[in-house]
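Keep in mind that this is a model prediction, so the values were computed, not measured. To find a chain, count down the sequence lines: A is the first, B the second, and so on, and within it residues start at 1.
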Amino acid sequence: MSAVIETSKLSKWYGNVLGLSDVTLTIGPGILGLLGPNGAGKSTFFKLLTGQLKPSIGTVTVFGAPIRNNQRTFRRIGLCPEQDALYEELTGWEFLTNLLRLYGYGRAEIEARAERALETVELLEDRDRIVRGYSRGMRQRLKFAQAVAHDPEVVILDEPLSGLDPLGKRKLIRLIKDFGREGRTVLVSSHVLPEIEALTANIVLVHQGKILASGDIHYIRDLIDTHPHIVAVRSSAARTLAGHFVGEPYVHKVRFENGGELVLFETSNRDRFFERLTRYAADTASGVEEITSPDDNLQAVFDYLVGA
Amino acid sequence: MKSIREVFAFYAFYGRKTRRTLAFLLIALIPVAIATIFRFRQAFEGDGSYDGLYLFTNVIMTFFLQFLVLILTLFFGTSVLSEEVEGRTLTYLVTRPVSKAALLVGKYLAYSLIVSVLVWTGLVACFLILCFARLGEAQVWMVLLRYLGVLTLGILAYGAFFTFLGSFLKKSIMVGLIFSFGWENVIQYFPGSTQRFAIVHYLKSLLPGVLQSRGRFSFLTFRLNPTSWPVSILTLLLITAGFLTLAVLLFQSKEYNYED
C-alpha cells in the first residue's frame, strides 16, 4: 500500500486530559472508517491530520511532508468538520464560492467548481438561500460540498452522516464510496457501526484516545459476536424460562430484575442463544413478552475490548 | 500578496452582509443626526453661537476620535479571530492553502476598510451638513481631508491593537473596553511623557489647531505637549505593524481548540 498519510506514535494531551495516545498508522488510498464513541479521540485525530493541532508527541506526514502550516498540502486535502458551523449570513453559493476563492482560482473556475459541488450534493436549487435557513441535512451536505469542491486527493469526513435522514444518508454514502473508488484517500469517522459498515470494510476502532483494533470489519464483527452479550427477556413465566437455560454451556449468568418478571442472560454465543430462545418461545407457553439486548451497541464492544 | 487579496475580498464581502455592520452603521450616523438637529436649530431659531466648522472640528471629531473609532475597531478588530473561534468556522480557513499571516492580515484589512467606510460616511455627512455655507472654501475641504486621514490612521492602529488582543485573549472585549475608555481617555491627560503611551495622543497631535480652540467645548480637544507630525505618523504606523506582527505570530503558534 502506498502511504498517503503516516502517523508515528502520535499523541495529544489537552493539559492533563488525554486526547490521543500513541497512534501509529499508515493510510493509503481507499476508504478507511474511524469508529468510536463520542469523545473517543476521532476529531482530535482528524485535527492532527489537518494540522489544526500540534502533536504533543509523534509525527504526522501527508504525502510525505509534515502537515502543520503546510499550505501546499492543504490544496490536496478536503475536510468536512464535525461541528455544525457555517457562515450563517451567506447563501450556500456565497459560502462555497468564497471558500474556493482561497485556492486562487479564477472567477469562471470558482463558479464551475461551486456549481458542480452543489449539484453533487443536490443543493443547486437552494444555492441562493441563506445558510441559516438550511435544514440540518442541507447543512451537512453543504459542508461536504466545501470539502470536495476543489477536487482533493484526501477527503477527511468527521461524522458526515450525523443528522441526515435515511435517504440523505444513502445518497451521501454512495457519494463517499464513489470518491473511494476513484482512488482517493477517504477517512470517515462515525460512532455508529452500521454507518461505517455501509461505507467500508477497512476500519480503525478508537476508544479513549487509543486504537483498540484496526483492519477488516469482519474481525470487529467477530469481536462483537463472541463477546458476552446481555439479553433481557420479559416473561410471565420468567423462572421457568431461566431454568430452561441455566445448564446451557453458552449461558454464563442468569439474574432477575423488576420483581422477577425480567430475566437477564449473559451469553457468549448470541446466535445460538437466540435460536434456542426462539424455538422455546414457539414450542412452549413461555409467556415471553419482550426480548431486548441492552448492550448490543458499540460501547459494549469497546468496554469488552478494554476489559471494563 | 494574492492570498491576502483573496482573503480581503472574502471578508470585505462577508463583513458587508453581517447584521453587526448594519448596527454599527446606525451608530456611525448618530453624529449625523446631531449635526442635522444643530442645523435646524440654526436655521429656524437663529442660534448662531457656534460656527458649523467649529462644531465639526471639536464636538463631532471628538465623538469620532474618542468614541466611534474606538468602539468600531474594538468590535471589528477583536472579532478578526475570535468570531471564527467562537463561530467554529476557523476550521474552514486554516485548512485552505493560505498562510495564517495572509488570513489574519487580509481579514484585518477588510474589516479596517469596512470600519473606515462607516466612519468616512458619518464624518463626510456631518461635514456637509455643518459646513454647508462654507463649501466653496478650499481650506475647509483640506480640514476634512486631514481629519479623514487622522481617523484612518486611528482605525489602522486601534484595529491592529484589537486584532492582537482578540488573538491573545478569550474575553478580549472587556479588556478592550477598559483600554479604550479607561487607559486611552485618561492617560492622554497625564503630563510629561506618560501621555505618549496612549495612541490617541499621536492622533490628537496630528489635528490642526486644537490648542487654539476656545469656548465651551475646548476641553474635548485639550492636549498636552503634542508630538511632531512626522513622529506621530511614524509611531502610529509602527504600532499598526507591531501589533499585527504579534497577532500573526500568536495565530501561527497558538492552538484554537473548541471541542474535545
Side-chain angles (χ1 to χ4, degrees), chain A residues 12 14 17-20 38-54 67-91 94-105 110 130 143 146-147 150 152 156 158 209, chain B residues 1-24 79-107 109-111 114 248-260:
Chain A
K12 181 69 189 174
Y14 302 104
V17 180
L18 178 71
L20 201 70
N38 291 326
K42 304 185 298 290
S43 293
T44 298
F45 182 58
F46 282 170
K47 283 179 184 166
L48 287 161
L49 290 191
T50 51
Q52 294 178 72
L53 295 176
K54 278 182 285 193
I67 186 66
R68 194 161 159 84
N69 291 331
N70 182 349
Q71 279 75 44
R72 188 182 283 238
T73 307
F74 288 140
R75 193 171 285 280
R76 303 170 76 181
I77 298 177
L79 170 71
C80 174
E82 181 188 17
Q83 67 266 20
D84 181 34
L86 298 160
Y87 292 99
E88 303 289 339
E89 283 157 294
L90 298 181
T91 64
E94 290 164 349
F95 173 75
L96 214 50
T97 50
N98 276 298
L99 287 179
L100 280 167
R101 196 196 281 265
L102 302 180
Y103 290 87
Y105 300 132
I110 288 174
I130 298 286
K143 274 164 45 182
Q146 65 77 34
H150 58 289
I156 298 175
D158 199 353
Chain B
M1 274 311 282
K2 193 182 178 202
S3 298
I4 292 178
R5 208 169 57 231
E6 300 299 352
V7 176
F8 173 84
F10 176 8
Y11 282 100
F13 175 81
Y14 179 67
R16 279 205 315 268
K17 292 200 73 174
T18 59
R19 291 175 185 174
R20 180 184 53 195
T21 306
L22 185 67
F24 282 119
S79 71
V80 166
L81 266 184
S82 67
E83 75 177 356
E84 304 290 349
V85 176
E86 285 161 20
R88 300 189 298 169
T89 47
L90 190 63
T91 307
Y92 297 117
L93 303 177
V94 296
T95 54
R96 306 284 152 184
V98 175
S99 71
K100 286 181 176 169
L103 283 174
L104 191 127
V105 174
K107 191 171 177 186
L109 290 174
Y111 278 9
I114 290 169
V248 167
L249 291 174
L250 260 174
F251 185 30
Q252 281 172 336
S253 60
K254 200 173 166 182
E255 288 182 337
Y256 297 88
N257 194 35
Y258 29 77
E259 286 169 307
D260 295 300

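Between B/Gln252 and A/Asn69, the shortest heavy-atom contact is O-ND2, 3.7 Å. Closest non-hydrogen pair, A/Arg68 versus B/Lys254, comes out as NH2-O, 3.8 Å. The two residues A/Ala85 and B/Gly87 have their closest heavy-atom pair at CB-O, 3.1 Å. The nearest pair of heavy atoms linking A/Leu99 to B/Arg96 is CD1-NH2, 3.8 Å.
Salt bridge A/Lys47/B/Glu255: absent, no basic N to carboxylate O contact under 4.0 Å.
Interface remark: B/Lys2 contributes side-chain atoms only to the contact with chain A (heavy atom separation under 4.5 Å). Looking at B/Thr18, both its backbone and its side chain come within 4.5 Å of chain A, counting heavy atoms on both sides. Neither the backbone nor the side chain of A/Asn38 comes within less than 4.5 Å of any heavy atom in chain B. Interface remark: A/Ile67 contributes no atoms to any contact with chain B (heavy atom separation under 4.5 Å).
A donor-acceptor contact shorter than 3.5 Å links the side chain of A/Glu89 to the backbone of B/Arg19.
For chain B, the option among A/His150, A/Glu94, A/Arg72 with the highest count of heavy-atom pairs below 4.5 Å is A/Glu94.
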B/Tyr92 vs A/Lys143, test: side chain to side chain contact (heavy atoms under 4.5 Å, CB included). Steps then yes/no. CA-CA 10 Å; B/Tyr92 297 117; A/Lys143 274 164 45 182; 3.2 Å; yes
Working note: A/Phe95 + B/Thr89, criterion side chain to side chain contact (heavy atoms under 4.5 Å, CB included); need CA distance, chi angles, decisive distance, verdict. CA-CA 11 Å; A/Phe95 173 75; B/Thr89 47; over 6 Å; no
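The shortest distance between side-chain heavy atoms of B/Phe13 and A/Asn98 falls below 4.5 Å. Using a 4.5 Å cut-off on side-chain heavy atoms (C-beta onward), B/Thr91 and A/Thr50 make no contact.
From A/Tyr87, atom OH reaches atom CD of B/Glu83 across 7.5 Å, with rounding to the nearest 0.5 Å. A distance of 4.5 Å separates CD1 in A/Ile130 from NZ in B/Lys17, rounded to the nearest 0.5 Å. The structure places CD of A/Gln71 at 8.0 Å from CG of B/Leu103, a figure rounded to the nearest 0.5 Å.
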